[in-house]
Chemist: 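Have a look at this one.
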Amino acid sequence: MKSESVVRNIDSVGRIVLPRDIRERLHLNMENSAVEIYTEEDKIILKKYVPGCMFCQNTDGVVEYKGAHICKKCLVMMLGRVNA
């Protein structure tokens, strides 16, 4: 992925606007798209939020069921125990 730098001012209540091209590239076009914010030393890092499995924290193949995020591996393990 190409690295780019954009300068944005923080408004009086601490908000910044993410440029449209960045939102579109990361598929953050919906009003309620989630962004993870964390720091490393003197850096503020914004990252598209991808929920992890509530059991193993894996982010691959996660599905949402009744508000819980579960990966396919844990789901198969749970179904195996139910059917045993």
Side-chain angles (χ1 to χ4, degrees):
M1 177 187 276
K2 164 179 115 170
S3 179
E4 64 181 76
S5 175
V6 177
V7 176
R8 290 288 187 253
N9 291 323
I10 298 173
D11 73 9
S12 62
V13 293
R15 296 176 296 201
I16 59 170
V17 174
L18 298 176
R20 179 187 301 178
D21 61 322
I22 292 174
R23 293 191 321 263
E24 288 175 351
R25 190 171 6 144
L26 296 176
H27 305 287
L28 296 171
N29 299 327
M30 295 189 192
E31 188 173 313
N32 291 319
S33 295
V35 177
E36 185 176 0
I37 304 169
Y38 60 97
T39 61
E40 284 182 5
E41 298 177 15
D42 65 339
K43 296 178 181 89
I44 300 170
I45 300 166
L46 301 174
K47 180 179 170 186
K48 180 179 177 178
Y49 176 70
V50 179
C53 174
M54 64 184 292
F55 299 111
C56 70
Q57 307 311 311
N58 183 8
T59 57
D60 295 329
V62 173
V63 295
E64 184 177 349
Y65 179 71
K66 294 189 177 184
H69 296 97
I70 306 169
C71 73
K72 291 181 181 180
K73 181 179 176 183
C74 288
L75 187 57
V76 167
M77 284 178 37
M78 288 171 34
L79 289 173
R81 291 180 187 243
V82 169
N83 293 330

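Below, each value reflects all heavy atoms present in this structure, side chains not excepted, and no hydrogens, waters or symmetry copies. It should be emphasised that the depicted structure is a prediction, and the values quoted were computed from it without experimental measurement. Residues take their numbers from the sequence shown, with the count starting at 1.
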Chemist: If you look at every heavy atom in Ile16 and Ile10, which pair is closest and at what distance?
Modeler: CG2-CG1, 3.6 Å

Chemist: Counting only heavy atoms not in Lys47, do more than 12 sit closer than 6.0 Å to its NZ atom?
Modeler: no

Chemist: To the nearest 0.5 Å, tell me how far Leu26 CG sits from Asp21 CG.
Modeler: 9.5 Å

Chemist: More than 12 heavy atoms of other residues, nucleotides or ligands under 6.0 Å from CZ of Arg8: yes or no?
Modeler: yes

Chemist: Determine, using the 4.5 Å side-chain heavy-atom cutoff (strictly less than), whether Val6 and Ile44 are members of one ILVMFWY cluster.
Modeler: yes

Chemist: I want to check something: taking the side chain as every heavy atom from C-beta on, are Leu18 and Leu46 in contact at a cut-off of under 4.5 Å?
Modeler: yes

Chemist: With clusters defined by side-chain heavy atoms of hydrophobic residues (ILVMFWY) lying less than 4.5 Å apart, directly or transitively, does Met54 cluster with Leu75?
Modeler: yes

Chemist: Using the rule that Ile, Leu, Val, Met, Phe, Trp and Tyr join whenever any side-chain heavy atoms are under 4.5 Å apart, tell me whether Val35 and Ile22 fall into a single cluster.
Modeler: yes

Chemist: Over all heavy atoms of both residues, which pair between His27 and Ser33 is shortest? Give the atoms and the distance, please.
Modeler: O-OG, 4.2 Å

Chemist: Who else is in Tyr38's hydrophobic cluster (ILVMFWY, side-chain heavy atoms under 4.5 Å, direct or via others)?
Modeler: Ile45

Chemist: Just verifying a value: how many Å separate Gln57 CD and Cys74 SG, rounded to the nearest 0.5 Å?
Modeler: 9.5 Å

Chemist: Please give me the minimum heavy-atom distance between Asp60 and Asn58, naming the atom from each residue.
Modeler: N-OD1, 2.9 Å

Chemist: Please name the pair of heavy atoms, one in Cys53 and one in Ile70, separated by the smallest distance, quoted to 0.1 Å.
Modeler: SG-CA, 4.0 Å

Chemist: Counting only N and O atoms by type, is there a donor-acceptor contact under 3.5 Å from the side chain of Lys72 to the main-chain atoms of Gly61?
Modeler: no

Chemist: Cluster question for you: counting only ILVMFWY and a side-chain heavy-atom cut-off of under 4.5 Å, with indirect links fine, are Phe55 and Tyr65 together?
Modeler: no

